[in-house]
Amino acid sequence: MKISISNIFKGDKVIWMIFFFLCVISLIEVFSSSSTLTFNKSNYWGPIIKHGGILLLGVALMVVVQNIDCKYFKIATIFLIIFSAATLLWVLVAGQTTNGAQRWMSILGIQFQPSEIAKGTIVLAVAQILSAMQTEDGTEEKTFKYILYVACPLMILIMFENLSTAVLIGVVVIGMMFYGRVSLIKVGRLIGLLTIAVIFLLALILLFGQEEEPKENDKNNLTEQVVTANPEKPANENFLQKMFHRAGTWKGRIKKFVSGQEITPEEFDLNVDSQVGYSNIAIASSGFLGKGPGNSEMRDLLPQAFSDFIYAIIIEELGLAGGIFVMFLYIFLLWRAGRIADRCANNFPAFLVMGLALLLVVQAMFNMMVAVGLAPVTGQPLPLISKGGTSTIINCIYIGAILSVSISAKRKKKNSLATEPATTA
């Protein structure tokens, strides 16, 4: 088989362009915002070389996935559900801790977050259920129940260590239900039950959460991910305290976000609230066109500037114009996915492409809202831009699946037109 550029860059060209822009922005901004890492490790090129290598691996996997026919994704669903459930349980028991969150595990020396794989697994399973239960008037009565049977157990396992990711997946699943024509009454009831569950969860957080003592210079503790295997927990903890050991972190973030207190610049403690404080400074000092790539002044002070708060650095360096451009790239990705879904002759690829696009875009909106102060700190990276390992590679695979659907949808459209009977005047 002859290898050419056209054989590699197949599928929807607009999706490829959006992906290209996001990768270019990622390389520039990760290189700029990783200055503290380069200083600490005395390796100027190390962080960006590693990130570039991860992106190249992601692109290679994306090209492989885009050449897999969409129908074969169904076969992987049951295996991914079993794998996700097993690894999520393992993480709760003996996972590796990163910055206080027990989210990581290693297989054959490869470290990854099971929650990243579980997100796509839930989308894949929900898409398959929606496609199998479609009727002319919507979905069958049992659709709603089947979706909850599959999604809820995995979301609960994710919730204990990564509450924001569980909320993110819940929003995506509800969005897929709307798109998949699940009964609006049932979806409305689900939203009501989730509201009650959130209130109950907040009560548990306030009850069991031991708010952490403010740490001096916490920005230095969060500059780089610190991973610890098999973290030790107090022996006198009961079951709920063990499951909600992150409640203290959640409690502190929620209280800070909902307090509504106006804090003067003189009263603001940058040692305690360095993430929010330096992010606000970066955005406020940006202007419309920013300070230019590589000219950020907050990158050396803002914890996780290359990951959770990279959007603040983007705005500081590229200005409000750059921040708006990045936001519209994600919105345009969702719009383009909708166009691809409309072309699909079958329901499964349409639901899959919309679910994956929602997953990427909703996570991006979470990250942006945190950076500009519209949501409490969640720890969600900016998809395809933030420095990361598992997240970057998995997101590239999601894009590959969207491109795979765009290829098959385009081919089916042509075939359907070719087989239409000719009309006579």
Side-chain angles (χ1 to χ4, degrees), residues 7 9-16 18-19 61-81 119-151 169 172-184 186-187 332-362 394-421:
N7 286 332
F9 297 101
K10 297 190 293 185
D12 190 272
K13 298 301 186 288
V14 176
I15 297 292
W16 270 108
I18 294 171
F19 177 77
L61 292 174
M62 184 175 73
V63 172
V64 171
V65 173
Q66 77 166 358
N67 285 284
I68 300 175
D69 196 289
C70 184
K71 65 183 179 182
Y72 293 110
F73 295 152
K74 292 183 177 181
I75 300 175
T77 303
I78 185 63
F79 299 103
L80 285 173
I81 290 175
K119 290 192 299 186
T121 300
I122 291 173
V123 169
L124 182 62
V126 172
Q128 195 162 342
I129 293 170
L130 288 172
S131 64
M133 308 294 285
Q134 287 293 310
T135 66
E136 292 183 359
D137 301 321
T139 58
E140 296 181 16
E141 288 291 323
K142 296 180 180 179
T143 307
F144 181 78
K145 181 171 61 175
Y146 290 158
I147 290 175
L148 294 185
Y149 285 164
V150 172
I169 298 173
V172 172
V173 170
I174 290 175
M176 292 181 70
M177 286 183 180
F178 275 114
Y179 184 75
R181 303 190 304 164
V182 175
S183 170
L184 294 179
K186 291 186 177 181
V187 175
F332 202 46
L333 173 64
L334 182 60
W335 174 80
R336 194 63 187 177
R339 293 290 301 273
I340 295 171
D342 287 340
R343 292 206 314 263
C344 293
N346 299 322
N347 289 320
F348 172 69
F351 295 139
L352 178 61
V353 74
M354 284 303 298
L356 293 176
L358 278 171
L359 190 59
L360 292 170
V361 175
V362 171
I394 295 297
N395 288 334
C396 287
I397 292 174
Y398 294 161
I399 295 292
I402 293 173
L403 289 170
S404 172
V405 172
S406 72
I407 295 170
S408 60
K410 186 176 181 180
R411 184 171 64 247
K412 288 175 181 176
K413 185 176 181 181
K414 288 183 177 180
N415 290 343
S416 63
L417 291 174
T419 56
E420 282 182 1

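Counting from 1, the numbers follow the sequence of the chain as shown.
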Spacing of L352 atom CG and N347 atom CG [to the nearest 0.5 Å]: 12.5 Å

Check: K145 and K186 side chains under 4.5 Å, non-hydrogen atoms: no

Backbone of G180 reached by a side-chain donor or acceptor of Q134 within 3.5 Å: yes

L358 and Y179, any side-chain heavy atoms less than 4.5 Å apart: no

Residues in side chain to side chain donor-acceptor pair (under 3.5 Å) contact with T143, at least two apart in sequence or another chain: none

Exam field: side chain W16 to backbone K10, donor-acceptor pair closer than 3.5 Å: yes

Full working for side chain to side chain contact (heavy atoms under 4.5 Å, CB included) between V150 and V126: CA-CA 8 Å; V150 172; V126 172; 5.8 Å; no

Euclidean distance, I407 CD1 relative to I68 CD1, rounded to 0.5 Å: 11.0 Å

Closest non-hydrogen atom pair between V123 and L356, with its separation: CG1-N, 3.7 Å

Heavy-atom side-chain proximity of I399 to L360 below 4.5 angstrom: yes

Student check: side-chain heavy atoms of V405 and R343 closer than 4.5 Å: no

Minimal non-hydrogen separation, L124 against F348, with atom names: CD1-CZ, 3.6 Å

Point-to-point distance, once rounded to the nearest 0.5 Å, from CZ of F178 to CG of L184: 6.0 Å

Atom of M176, atom of F351 and distance for their closest heavy-atom approach: CE-O, 3.6 Å

Validation row: T135, T139 side chains within 4.5 angstrom (heavy atoms): no

Short side-chain donor-acceptor distance under 3.5 Å, T77 and Q128: yes

Gap between atom OH of Y398 and atom CG of L61 - 0.5 Å precision: 13.0 Å

Set of side-chain contact (heavy atoms from CB on, under 4.5 Å) partners for K71, sequence neighbours left out: D69

Nearest non-hydrogen partners of G120 and L359, listed with the distance: N-CD2, 4.2 Å

Gap between atom SG of C396 and atom CD of Q66 - 0.5 Å precision: 12.0 Å

Flag, side chain of S406 to backbone of D12, donor-acceptor distance under 3.5 Å: yes

Between NZ on residue K119 and CG on residue N395, distance to nearest 0.5 Å: 6.0 Å

Shortest non-hydrogen separation from S404 to C70 and the atoms involved: OG-N, 3.8 Å

Partner residues of E140 under the side chain to side chain donor-acceptor pair (under 3.5 Å) criterion, sequence neighbours left out: none

Chi angles and distances behind the side chain to side chain contact (heavy atoms under 4.5 Å, CB included) call for F19, L403: CA-CA 11 Å; F19 177 77; L403 289 170; over 6 Å; no

Distance-minimising heavy-atom pair for V353 and A341: CG1-CB, 3.7 Å

Main-chain N/O of L130 paired to R181 side chain as donor or acceptor, under 3.5 Å: no

